[in-house]
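Each remark here refers to the structure printed beneath this line.
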Amino acid sequence: MRAENVLFILTDQWPASAFSFCGADIPTPNIDRLAAEGTVFSNAFTTCPLCTPARGTLLTGRWPHDTGITDNYAVGYSQQFSPPLTERTWIDEAARLGYHVGYFGKWHLGPINPEARGAHGFDPNAEAHRQPYDPETSNFSYQFAKNNYERQEQGLIRGRAPFWGDTAQPKEECSPFPVMENGVCFLEEWAAGDQGKPFFLTVSSAEPHFPHHLPEPYIGIAQELKEKVELPANLRDNCAGRPWFHAVAWWPCMDTSPLDEEEWRTVVAYSHAHIMMVDEAIGRVLDTLERLGLRESTTVVFVADHGDMEGGHNRFDKGAYFYEEVWRIPLIIRRPDRARATQDAYVSLIDVGETLFSLIDAAATAERPRAGRDLLPLVGTGRRPDSWPQTAYGVYNLYNGMNFAVRAIRNERYKYVWNPQDIDELYDLEADPHEMENLTEEPGLADTQAELRKQLIHWLAEIGDDLPSRVELLPPAGTIVATGEAGP
């Protein structure tokens, strides 16, 4: 039987429920049609709410302590390296197994890129000139990042960089339209050529990650949406009773002090309009599948690398924490031979990676074992296997070169977050869905906390994460690893 084609749509920082099919007041007709024909995973979680580490687990099906992909690549003080070719990804494997492979858009894993990994269609020299932080030669500082945002603001018609703004740039020149156009061209060229090889196309949108700088007509759309914005119930949370580093601006975009409630409405409206713009761009690739008659031979996977705080806990962007806003992710898988379904099994981004390997029949090796679970048996059914654990796990190590050791576990009611550099967190998500009260000091929940911690430590041992054995060696939270100084 001929291998099926694969279209993988990866986006950056998309709130899990920010779709009209989820009831949000954000028209997303193109993702909605995927949801109407595919399997919506309603309990999907990222492995780490930070771009590069999340993408590392997605690409390799392996945890950060196995790959060394623990921080953002070439951002701030980060010394993250580009993973070597010995770390096999589904890009390498698809090329090796005879697929016609394309990868366009955001990479964020350094110069050993899709081109180096054998892709046939790619962005030439992606990230070839970006370099990790070198304390001897780099001039990065918090003020440097702040100045960069101020320069962005000068290029806007109006707005506040990096939060929101109006740009005069034509829509078709704004990302992700050029990325999706590359995907369209890849499919057209494949369809016009030798179809003896199936295709594996990835279109990776850096949006709707901020900055939410929009062209027309989305400027006008954002203004209309502003009238309908409902601000998060935890917008004015000051993170009291939580680890001290939750409320610190480790990066200029985390400094939300200039935003009053009125401007927060603008920020959220621009974020939602940005989501609509990305949905429009993705629709062009989905339309091309239909136009070329490829829908019935192509599995489509849509996922985001992590969520977005979007005002939750008075935070913008993300940080070293596991609030629902950033931990949860959207995930839809549409297969030609499977019915529409909603699946509530707890699944992880690392499972999405394993599923992509499975779609191309790429077995793991003894030298590079993979940790994810194949989700294909869950596609097309709302039935969850009795043996499937309703548990999510997450890991966090570094934020742009600053040390934050965090591990998290969540079940259907409680979330426990181990912060060995400060106090732990325990939330009752049934009674407190907005995570406003840390219950670690609640005597009546001591057994619950102990059991969750036990499960978490057992899981860390199971996957080979040695954090419990090096707790005494950890520096204070936020320490810049390259210099030993306190960040930011």
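One is the number of the first residue; the rest follow in order along the sequence.
- Without hydrogens or angle criteria, Q421 side chain to A405 main chain gives a donor-acceptor distance under 3.5 Å.
- The six-membered or imidazole ring of W459 lies away from that of W418, with a centre-to-centre distance of 6.0 Å or more.
- Taking the six-membered ring where the residue is Trp, the centroids of F404 and W250 are separated by under 6.0 Å.
- Residues D344 and R383 are not paired through a salt bridge, judged by the lack of any N-O separation under 4.0 Å between the basic side chain and the carboxylate.
- Of the residues I9, L331, I332, the one that meets the side-chain contact (heavy atoms from CB on, under 4.5 Å) test with V301 is L331.
- Residues H306 and L50 form no side-chain contact, since every pair of their non-hydrogen atoms from C-beta on lies 4.5 Å or further apart.
- With R236 contributing its side chain and N314 its backbone, the two residues share no donor-acceptor pair below 3.5 Å.
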>> As a quick check of understanding, evaluate side-chain contact (heavy atoms from CB on, under 4.5 Å) for K415 and E324, giving each step before the final call.
In response: CA-CA 10 Å; K415 177 187 296 182; E324 293 288 277; 2.8 Å; yes

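- Side chains of D32 and S20: a donor on one and an acceptor on the other come within 3.5 Å.
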> Could you go step by step and tell me if D424 and Y416 meet the side chain to side chain donor-acceptor pair (under 3.5 Å) rule?
Replying inline: CA-CA 8 Å; D424 295 341; Y416 169 70; 2.8 Å; yes

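- Judged by distance alone, with hydrogens and angles left aside, the side-chain atoms of E425 form no donor-acceptor pair with the main-chain N or O of N438 at under 3.5 Å.
- Inter-residue side-chain proximity for P488 and M402 is flagged as met; some heavy-atom pair is nearer than 4.5 Å.
- Aromatic pair Y323/H313: ring centres closer than 6.0 Å.
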>> Determine whether R407 and N397 satisfy the following criterion, side chain to side chain donor-acceptor pair (under 3.5 Å), listing intermediate values before the conclusion.
In response: CA-CA 9 Å; R407 302 293 186 267; N397 295 282; 3.1 Å; yes

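- Side-chain atoms of D166 never come within 3.5 Å of backbone atoms of R158 as a donor-acceptor pair (strictly under, hydrogens ignored).
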> Can you check side-chain contact (heavy atoms from CB on, under 4.5 Å) on R453 and I409, steps first, answer last?
Replying inline: CA-CA 8 Å; R453 180 183 174 88; I409 180 174; over 6 Å; no

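- Under the ring-ring contact (aromatic ring centres under 6.0 Å, His included) test applied with W251, the options F316, Y77, Y142, F140 reduce to a single match, F140.
- In this structure, H213 and H274 have side chains that are not in contact, with every pair of non-hydrogen atoms separated by 4.5 Å or more.
- Residue-environment remark: CD (E441) stays at or below the threshold of 12 foreign heavy atoms within 6.0 Å.
- Residues F41 and V379 are in side-chain contact: their nearest non-hydrogen atoms beyond the backbone lie under 4.5 Å apart.
- Looking at D308, its side chain never comes within 3.5 Å of a backbone N or O of P15 through a donor-acceptor pair.
- Using a 4.5 Å heavy-atom cutoff, the side chains of W14 and I329 are not in contact.
- With W327 as reference, F322 is the one residue of F322, Y321, Y346 to meet the ring-ring contact (aromatic ring centres under 6.0 Å, His included) rule.
- For CD of Q143, the number of neighbouring non-hydrogen atoms (other residues, nucleotides, ligands) closer than 6.0 Å is greater than 12.
- For the pair D317/Q13, a side-chain contact is recorded, criterion being any heavy-atom separation below 4.5 Å from C-beta on.
- Side chain of R328 to main chain of S42: a donor-acceptor pair is present (N/O by atom type, distance under 3.5 Å, no hydrogens or angles).
- Between Y427 and Y414, the ring center distance fails the sub-6.0 Å criterion.
- In this view, E262 and K226 satisfy the side chain to side chain donor-acceptor pair (under 3.5 Å) rule, not counting sequence neighbours.
- A distance-only check finds no donor-acceptor pair linking the side chain of D12 to the backbone of E207 [under 3.5 Å].
- Taking both residues in full, the closest heavy atoms of I221 and A273 are given as CG2-CB, 4.2 Å, listed atom of the first, atom of the second, then distance.
- Within 6.0 Å of CG on D260 lie more than 12 heavy atoms contributed by other residues, nucleotides or ligands.
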>> Is there a side-chain contact (heavy atoms from CB on, under 4.5 Å) between V300 and L34? Walk through the geometry before answering.
In response: CA-CA 8 Å; V300 181; L34 268 186; 3.8 Å; yes

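- Taking 4.5 Å as the limit, every side-chain heavy atom of H212 sits out of range of all side-chain heavy atoms of P162.
- With N72 contributing its side chain and N400 its backbone, the two residues share no donor-acceptor pair below 3.5 Å.
- The backbone N or O of Y73 sits less than 3.5 Å from a side-chain atom of H108, completing a donor-acceptor pair.
- Residues F302 and P330 meet the side-chain proximity criterion, which asks for heavy atoms closer than 4.5 Å.
- Here T266 contributes atom OG1 and L259 contributes atom CG; the two are 9.5 Å apart, rounded to the nearest 0.5 Å.
- Applying salt bridge (charged side-chain N to carboxylate O under 4.0 Å, His left out) to R62 and the options E87, E367, E354 leaves one that passes, E87.
- D279 contributes a side-chain N or O that, together with a main-chain N or O of N30, makes up a donor-acceptor pair within less than 3.5 Å.
- If you check the side chains of T137 and D134, you find a donor sitting under 3.5 Å from an acceptor.
- For the side-chain hydrogen bond (donor to acceptor under 3.5 Å, both in side chains) test with N234, the passing option among E325, E435, R315 is E325; the others fail.
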>> Run D71 and S78 through side chain to side chain donor-acceptor pair (under 3.5 Å) and show every step you take.
In response: CA-CA 7 Å; D71 197 4; S78 173; 3.2 Å; yes

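- Judged by distance alone, the side chains of R242 and N419 never bring a donor and an acceptor atom under 3.5 Å apart.
- Taken to the nearest 0.5 Å, the CD1 atom of I463 stands 7.5 Å off from the CG atom of D66.
- Side-chain atoms of Q154 and E150 form no donor-acceptor pair, as typed in the model, at a separation below 3.5 Å.
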